[in-house]
Amino acid sequence: MTSTSSPVRTLLDGTRLTEHRLRVPLDHAAPDGEGLDLFAREFVTPEAAARGEDHVARMPWLLFLQGGPGGKGTRPARTPAWMQEAGSRFRILMLDQRGTGLSTPLTRHSVLRRGRAAEQAAYLRRFRADAIVHDAEAFRRHLGLQSWSVLGQSFGGFCTLTYLSLFPDSLDRALITGGLPPLTGHADRVYQATYAKMAARNREHFARFPEDRDRLDEIVDHLRRHEVLLPDGSPLTVPRLQSVGMLLGGNTRADSLHYLLEEAFVAPGTDALSDTFLHAVHQQISFAAAPMYAVMHESIYGQPAEMTDGRGDTGWAAERVLEDHPEFCPTRTSPMLTGEMILRHHLALDPALAPLAEAADRLADVDDWEPLYDLDQLARNEVPTAAAVYTDDVYVARELSLETASRVRGLSVWETDEFHHDGLHDDGARILRELLHRTDASAGARDGRADASEEAQAPSTRYST
């Protein structure tokens with residue numbers, strides 16, 4: 001396993017960056033087989049650096065796991081509020097999860113080189129949360145750390161539960177924002193919950209902006225009467241238009257849907273969609289920059305049949321469950337906007353995804369997934385863990401999140417209706433302070449119990465740096 005680190009660099013605000021590269025196996029169960037490159041950036045705030053190298057060397061580490069699947073590590077020009085807050089006590093490692101960013105990329109080109117659809121699907125199976133966690137462990141060892149903390153946003157929270165399942169002794173604490181996955185049950189449960197959440201979010205938005213509902217209906221009618229092409233030459237259909245509802249997933253993005261719709265037509269009363277609108281829609285719905293997100297989205301819920309109500313395959317759950325929610329049917333006069341629902345239609349019409357459509361079909365049929373979570377280990381969890389659960393989150397449903405929280409020993413939930421899925425980017429400093437306070441309290445209580453029985457137990461070195 002080879003590794004390198006770059007010279008130190010700085011951002012405009014003085015944040016210190018160090019780049020780390022590491023070679024890991026494609027399959028961690030076959031360490032002598034094919035390999036992948038991993039990339040991560042280390043962030044040290046200017047305030048921490050100003051206190052000297054000895055201080056920085058003693059700081060504990062925080063691994064950040066980004067959302068997705070297929071999301072690369074954050075690339076800030078200036079550190080966001082949550083990183084400033086975290087950087088006051090941690091060195092932050094921002095991992096480009098395998099397949100993303102400067103790690104060995106997963107693209108239509110790299111997947112197609114694997115051969116037939118069956119071989120492509122087999123390759124894609126190596127990019128799930130369990131592999132990402134093994135990669136993180138390789139980085140921890142590379143940095144010479146006995147343990148570290150982890151912060152998982154959205155899909156990164158899913159990975160964090162896998163980390164707690166597989167390598168709890170490597171974690172000082174676990175922080176999760178908008179990312180408590182269902183531990184059991186079929187993917188259908190996820191979409192039954194999130195379609196209902198999206199319907200409520202649609203009603204909320206159109207109550208705020210009733211003119212948006214009228215404008216959206218005009219656009220839908222236009223698409224039914226005309227062939228409209230996006231800048232990449234692909235057709236804009238009603239189902240593809242509906243997916244701009246992804247913007248409703250956050251406080252910081254919801255209003256941008258209003259701005260998008262208000263510029264839809266060239267001029268009031270005209271019957272031509274503007275280039276401004278088509279360009280913005282293309283940027284929102286194209287998966288050219290993140291093909292993993294679409295191709296692998298439902299596979300993040302893939303579990304053995306005994307954990308999923310007897311059905312191991314995901315079987316295009318979002319598409320199937322859509323039939324139970326006719327308000328989203330694209331043939332309706334006023335269809336609602338969808339969210340994190342990937343349909344076969346999306347893959348077939350996106351030029352970046354169409355070559356991978358057969359591989360995606362193969363993934364949807366997989367019925368022998370490896371488990372992502374160890375339910376027994378989570379039930380006896382001792383790692384201080386806290387999660388922010390957003391009451392109206394349209395991507396990760398509150399009800400399923402709370403169900404999961406009840407099955408993880410000692411997990412402290414902070415539920416709030418002030419934020420949506422992008423809370424970490426909305427007021428990340430406040431959210432992080434709350435979660436750190438909860439895990440500090442949990443760690444203190446645990447250490448107190450350990451102190452009371454120290455005569456009977458060897459002293460712990462868990463928090464050594």
Listed partners of R362 passing side chain to side chain donor-acceptor pair (under 3.5 Å), at least two apart: none
Selection residues 94-107 - residue pairs positive for salt bridge (charged side-chain N to carboxylate O under 4.0 Å, His left out), sequence neighbours left out: R75-D96, R98-D135
Set of salt bridge (Lys or Arg N to Asp or Glu O under 4.0 Å) partners for E306, sequence neighbours left out: none
Considering only distance and modelled atom types, tabulate donor-acceptor pairs under 3.5 Å from the side chains of residues 284-293, sequence neighbours left out.
from : atom 1 : to   : atom 2 : distance (Å)
S286 : OG     : A288 : N      : 3.2
Y293 : OH     : E340 : OE2    : 2.8

For A280, all residues meeting side-chain contact (heavy atoms from CB on, under 4.5 Å), sequence neighbours excluded: L260
Aromatic contact, Y191 with W316 (centres under 6.0 Å): no
Distance-only donor-acceptor check, side chains Q153 and T177, under 3.5 Å: yes
Residues forming a side chain to side chain donor-acceptor pair (under 3.5 Å) with T404, sequence neighbours excluded: none
Results of salt bridge (Lys or Arg N to Asp or Glu O under 4.0 Å) for R433 - residues two or more places apart only: E85
Short side-chain to backbone donor-acceptor contact, H205 and N202, under 3.5 Å: no
Side chain to side chain donor-acceptor pair (under 3.5 Å) against R125, all qualifying residues, sequence neighbours excluded: D368
Salt bridge R398-E403, side-chain N to carboxylate O under 4.0 Å: no
Pairing residues for E47 by the side-chain contact (heavy atoms from CB on, under 4.5 Å) criterion, not counting sequence neighbours: T45
H325: partners by ring-ring contact (aromatic ring centres under 6.0 Å, His included), with sequence neighbours left out: Y195
Residues which pass ring-ring contact (aromatic ring centres under 6.0 Å, His included) with H258, listed by chain and number, not counting sequence neighbours: F209
Contacts of type salt bridge (Lys or Arg N to Asp or Glu O under 4.0 Å), residue D350, not counting sequence neighbours: none
